[in-house]
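Notes follow once the structure below has been shown.
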Amino acid sequence: MDIYIDLDGPILDVSEKYYAVYRYILGKTAPNILSKDAYWEMKKNRVPSEEIFKESGVELSQEISLHRWKQLIETPEFLKYDIMWPWVPDVLKTLYNNYSLILITLRNSYENLIDELRDFEILDFFKTILTEKDNGGSLYTKKRLLENYPEFIPVSSIIVGDTEVDILAGKELNIKTIAVLSGIRNRELLESLCPDFIIDNISSLPSITKQIE
């Protein structure tokens, strides 16, 4: 069985990085800087960046805020805020010993991605890394990455992710879908997508995969 797993959310806690970029874009003069909890709650509810900045007292169009975001989010200055969930090494080791693990993530810099995986000492757990720049068509891009992978076999595949992109890509390709709540979407949104499983985090992934076998 092949397990395709997203990086941000299932493996890494990216909330500090997202909040740091938000604060940087706002600058020090914003009249209403949101707390991290308030900001992250809005992100999990899929509130557009334009509205988040407006709530913070700054008028930024979605286009401008997205452009600034993409310029910053994968730079070493902000990647240092990423935190690996404490259960990840043991889970990846268990899965690695029993299945094929394929990382599927949308990143603009392949080099920075590999450096980050090496820094966290998890690069060697993955048989393959499927990645491409996110140019706005995230669902199409992830679906294409899966379809174009020569060893992709829908009947023996699982996709694990924290967003609508991961779940919908899996459903469109008729593979098992596992949504995790440790990322950037809340339970209500993920439940509306009707994944095969919803789990708090990937610590329960080994037991779920045994159910699917």
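Side-chain atoms of Lys36 and Ser15 include a donor-acceptor pair closer than 3.5 Å. Under 3.5 Å, the side chains of Tyr149 and Thr128 contain a donor-acceptor pair of N or O atoms. A donor atom on one side chain and an acceptor atom on the other are not found under 3.5 Å apart for Ser56 and Asn32. Neither side chain, Glu116 nor Asn112, offers a donor N or O lying under 3.5 Å from an acceptor on the other. In this structure, a donor-acceptor pair under 3.5 Å is absent between the side chains of Asp37 and Ser35.
Within a 6.0 Å radius of CG in Asn148, more than 12 heavy atoms belonging to other residues, nucleotides or ligands are found. A 6.0 Å sphere centred on NZ of Lys176 holds no more than 12 heavy atoms belonging to other residues, nucleotides or ligands.
For Trp40 and Tyr19, the gap between ring centers reaches or exceeds 6.0 Å.
Taking every heavy atom of both residues into account, Leu34 and Tyr22 meet most closely at N-OH, 2.9 Å. Of all non-hydrogen atoms in Leu181 and Asn186, the two that sit nearest each other are CD2-C, 4.2 Å. Nearest heavy atoms, Glu77 versus Tyr24: OE2-CE1, 4.4 Å. Nearest heavy atoms, Asp162 versus Gly183: OD2-CA, 3.2 Å. Ile212 approaches Ile178 most closely through the heavy-atom pair CD1-CD1, 4.1 Å.
Asp82 has a carboxylate O that lies under 4.0 Å from a charged side-chain N of Lys17, or vice versa, which qualifies the two as a salt bridge. Comment: Arg144 engages Glu132 in a salt bridge, judged by a side-chain N to carboxylate O separation of less than 4.0 angstrom. Ion pairing of Asp200 with Arg187 is present here, as a side-chain N (NZ or NE/NH1/NH2) and a carboxylate O approach within less than 4.0 Å. Under a 4.0 Å N-O distance rule, the pair Asp2/Lys127 does not qualify as a salt bridge.
Remark: the backbone N or O of Gly170 is not paired with any side-chain donor or acceptor of Asn174 at under 3.5 angstrom.
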